[in-house]
Trainee: 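Mind looking over this structure? Questions follow.
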2 protein chains.
Amino acid sequence: MSDETKGAAASGGADARRRRNTGRITLRDVAAHLGISQISVSRYFQEPQRLSEELRERIAGAVAELGYVPNLVAGGLASARSRVVGMVLPNISGPIFADTIQSFSDALTARGYQLLLASSYFSATLEENAVRAFLGWSPAALVLTSHHHSAATEKMIEGANVPVIETWDFQPKRAPIQIGFSHVKVGRLAARHLVDMGYRRIAFVQNSLAGDISALDRRDGYIEVMRESGRRPWTFVPTEPQPLRAGRQALEALVRRREPADAIIFANDNLASGALLAARGAGVSVPDQCAIVGFGDYAFSEMLSPGLTTIRPPARAIGELAAETIFGLVERDRDDPADGAPAAPEELFCELIQRESTHEVR
Amino acid sequence: MSDETKGAAASGGADARRRRNTGRITLRDVAAHLGISQISVSRYFQEPQRLSEELRERIAGAVAELGYVPNLVAGGLASARSRVVGMVLPNISGPIFADTIQSFSDALTARGYQLLLASSYFSATLEENAVRAFLGWSPAALVLTSHHHSAATEKMIEGANVPVIETWDFQPKRAPIQIGFSHVKVGRLAARHLVDMGYRRIAFVQNSLAGDISALDRRDGYIEVMRESGRRPWTFVPTEPQPLRAGRQALEALVRRREPADAIIFANDNLASGALLAARGAGVSVPDQCAIVGFGDYAFSEMLSPGLTTIRPPARAIGELAAETIFGLVERDRDDPADGAPAAPEELFCELIQRESTHEVR
DNA sequence: TTGTACGCGTTATCAA
DNA sequence: TTGATAACGCGTACAA
């Protein structure tokens with residue numbers, strides 16, 4: 001039963017030959033409708049400049065008339081590439097990465113890319129699962145956070161021929177492309193600010209969520225500055241999982257001491273605002289009795305009263321640069337493998353935003 | 001040594017047979033490695049219970065050893081279905097939909113589904129582009145917001161055989177599955193609260209972002225209650241695009257009148273908090289001089305001072321129910337088309353959260 | 001329980 | 001500028 005396969009199918013008639021007709025309008029349907037070959041319709045979407053203007057217009061009409069929607073799955077299989085980018089962040093719904101997600105997503109959308117998003121909640125296992133699933137889609141690139149991944153994740157990344165970008169961190173020694181900043185420097189910046197303002201008993205409050213290793217880097221920076229300025233580092237680890245409550249817990253613990261803290265650096269703005277809110281109720285005056293510094297400059301941090309002194313990460317720039325880097329890599333691969341910019345890892349920097357929760361001590 | 005064809009592929013040697021070798025480890029490689037057929041390896045992932053335990057273990061070993069990652073693109077093409085769900089919301093990075101995204105994403109992840117996310121920014125065109133791209137991936141379902149789509153979007157949705165769920169709205173007449181609440185009722189709830197508290201000159205401030213039609217529904221509910229209680233509706237449309245500034249603009253405009261507003265309902269908590277912040281600076285006391293009500297109960301709304309009275313949407317429930325509904329639909333299709341729950345649209349309800357920005361007037 | 005054969009809808013390759 | 005043909009890697013249908 002070796003009949004002429006393409007002829008009948010191209011006529012668009014009842015093709016009983018196809019075993020599983022999904023009912024979907026395909027490239028072949030559009031081509032048959034116009035009496036041209038599939039590949040021309042494919043080119044209409046891939047490289048329209050190669051088609052004559054007349055053909056282009058005919059195809060455009062047929063596409064609109066039939067309501068053809070390109071099957072990206074089939075295209076992805078045939079080309080072993082896709083316009084999807086996978087992004088795994090510790091938290092895709094909180095305020096922390098909001099600006100990064102937005103700027104990244106907008107840049108992707110503008111270039112016709114789609115975004116696969118997943119939260120890792122600082123769990124290497126969840127990250128691994130997300131990476132595995134995303135790699136299954138032959139993404140144009142993968143965007144991860146920080147440099148701490150499971151061994152299996154590292155292995156998958158090496159095996160897959162997919163560019164990986166690590167964001168929100170910068171460790172000069174790492175091999176993959178990194179778009180971020182040094183958390184140690186952030187910790188130093190916060191501590192230096194408080195030391196310069198004249199505070200003496202400066203504490204650091206860690207994230208109660210284990211796995212936030214970047215927060216530990218910030219703590220290390222804080223410790224460095226404390227040592228350099230002849231002070232004793234003093235860290236507190238809250239047990240409350242909920243950030244607002246953890247912040248409250250830390251404030252109460254650190255202020256109700258014989259030698260209470262006169263300034264506290266929190267691992268992030270969520271914790272810091274929990275402390276700020278608790279301070280009101282507990283009659284602790286901020287910043288007179290105790291100064292507070294956060295990290296992240298979340299949208300609400302300037303709306304608190306007193307306004308929260310914090311450190312603003314280059315969240316938007318990270319998203320934009322990540323997207324640009326990906327576009328650069330994809331285009332370089334398409335043209336000449338040895339061409340184009342080497343995609344040099346760029347160190348970004350954070351900015352201290354001083355508000356009312358810290359002030360000069362005299 | 002007799003199985004030359006498989007051996008070459010598994011060894012990764014130069015197999016002239018395959019025209020475009022992507023270098024990727026495939027089902028075939030795993031099968032060849034074990035000397036079994038591809039389909040058994042496929043079944044290991046699809047329906048492992050059909051395999052003998054011994055075979056299952058051998059396959060598990062080979063998968064781990066070779067670092068095989070299933071190609072979801074190929075699987076999606078073969079089966080015309082995928083474990084991807086597309087979600088288009090007006091804003092994927094703001095606090096508004098944060099809880100919906102998180103609960104939805106978590107539910108998907110738990111069942112091995114992936115999430116494609118896009119922002120529409122209240123633009124029907126951007127939504128249309130996202131829907132077109134997402135449909136190209138043969139998603140298991142599509143989740144949209146509200147009931148307002150472009151004609152082209154509606155057409156694509158009808159043509160594609162993909163279940164669509166509309167969220168964050170509830171209009172009894174609509175055909176697609178809806179998981180949300182009535183915005184008219186929300187407007188009524190806010191207005192009723194203020195009327196009951198004794199406020200007299202109650203204004204409504206719209207979103208400065210055109211396209212937020214749900215906010216207009218809330219306004220309509222407000223207007224109904226005002227009419228019912230013999231008051232004159234009074235709406236203000238800010239021109240400032242930035243929400244915080246728009247809120248400030250509205251407050252200033254409404255309070256500096258000959259007959260100033262004594263209560264303002266804002267289209268959302270962003271606008272409301274802009275007004276709350278401006279009130280401090282402008283010496284307007286809230287709620288004594290002017291009460292403020294928002295919508296959304298964003299994470300920061302309880303952290304403001306005074307705390308913001310607002311209406312809390314069932315954001316988390318929407319995400320959870322949307323995910324459950326999708327799972328139900330997918331499983332129903334797999335088993336018996338005429339079986340299972342009919343996925344009845346469920347009306348959800350909002351809750352008024354009273355904080356310090358409104359109080360009883362006497 | 002395991003296997004064979006084929007096609008899902010597109011793009012890469014080669015040809016005209 | 002346009003076309004014919006063969007993969008891409010997997011799941012479905014059917015067979016043993």
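Residue numbers start from 1 in every chain, and the chains themselves are labelled A, B, ... in the order their sequence lines are given, proteins ahead of strands.
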Trainee: State whether S79(A) places a side-chain N or O below 4.0 Å from either non-bridging phosphate oxygen (OP1 or OP2) of dC8(D).
Mentor: no

Trainee: L72(B) has an atom CG; how far is it from atom P of dC8(C), in whole Å?
Mentor: 21 Å

Trainee: Rounded to the nearest Å, what distance is computed from the CG atom of residue N161(A) to the C1' atom of nucleotide dC8(D)?
Mentor: 15 Å

Trainee: How would you list all residue pairs meeting salt bridge (charged side-chain N to carboxylate O under 4.0 Å, His left out) that involve residues 114-129 of chain B, not counting sequence neighbours?
Mentor: E128(B)-R132(B)

Trainee: Name the orientation class of the two ring planes belonging to F327(B) and Y113(B) (parallel below 30°, tilted from 30 to 60°, perpendicular beyond 60°).
Mentor: tilted

Trainee: Is there a donor-acceptor pair closer than 3.5 Å between any side-chain N or O of S42(A) and the backbone N or O of Q38(A)?
Mentor: no

Trainee: Are any of S37(B)'s side-chain N or O atoms less than 4.0 Å away from OP1 or OP2 of dG3(C)?
Mentor: yes

Trainee: Do T167(A) and D169(A) have side-chain atoms, one donor and one acceptor, less than 3.5 Å apart?
Mentor: no

Trainee: With nearest nucleotide decided by heavy atoms, which residue, E47(B) or V73(B), maps closer to the 5′ end of DNA chain D?
Mentor: V73(B)

Trainee: Measure from CZ on R28(A) to P on dT11(C) and round the result to the nearest Å.
Mentor: 14 Å

Trainee: I need the CD1-P distance between I36(A) and dT10(C), as an integer number of Å.
Mentor: 13 Å

Trainee: From the list dT10(C), dG9(D), dT2(C), which nucleotide is the closest neighbour of the side chain of L77(B)?
Mentor: dG9(D)

Trainee: In whole Å, I'd like the distance from the CZ atom of R50(A) to the C1' atom of dA16(C).
Mentor: 13 Å

Trainee: What is the distance, rounded to the nearest whole Å, between atom OH of Y68(B) and atom P of dG9(D)?
Mentor: 10 Å

Trainee: Please state how far atom CZ in R81(A) lies from atom C1' in dT10(C), giving the value in whole angstrom units.
Mentor: 13 Å

Trainee: Determine, for E158(B) against K155(B), whether the closest basic-nitrogen to carboxylate-oxygen distance falls under 4.0 angstrom.
Mentor: no

Trainee: For a quick check, tell me whether the side chain of R43(A) and the base of dT11(C) share a donor-acceptor pair closer than 3.5 Å.
Mentor: no

Trainee: Counting only side-chain heavy atoms from C-beta out, which of dG3(C), dC8(C), dT11(C) sits nearest to A78(B)?
Mentor: dC8(C)

Trainee: Closer than 4.0 Å, any side-chain N/O of S52(A) to the OP1 or OP2 of dT2(D)?
Mentor: yes

Trainee: Using a heavy-atom cut-off of under 4.0 Å over every strand shown, decide if I39(A) touches base, sugar-phosphate, or nothing.
Mentor: base

Trainee: Quick check: does any side chain N or O of T100(A) sit under 3.5 Å from a backbone N or O of I318(A), one acting as donor and the other as acceptor?
Mentor: no

Trainee: Within this structure, what is the OH-to-P distance between Y44(B) and dT1(C), rounded to whole angstrom?
Mentor: 16 Å

Trainee: Check this one for me: any side-chain N or O of Q38(B) less than 4.0 Å away from OP1 or OP2 of dG9(D)?
Mentor: no

Trainee: Classify the angle between the aromatic ring planes of F97(A) and W168(A) as parallel (below 30°), tilted (30 to 60°) or perpendicular (above 60°).
Mentor: perpendicular

Trainee: Using five pairs at either end of the helix from dT1(C)-dA16(D) to dA16(C)-dT1(D), determine the angle between the two local helix axes and round it to 10 degrees.
Mentor: 20°

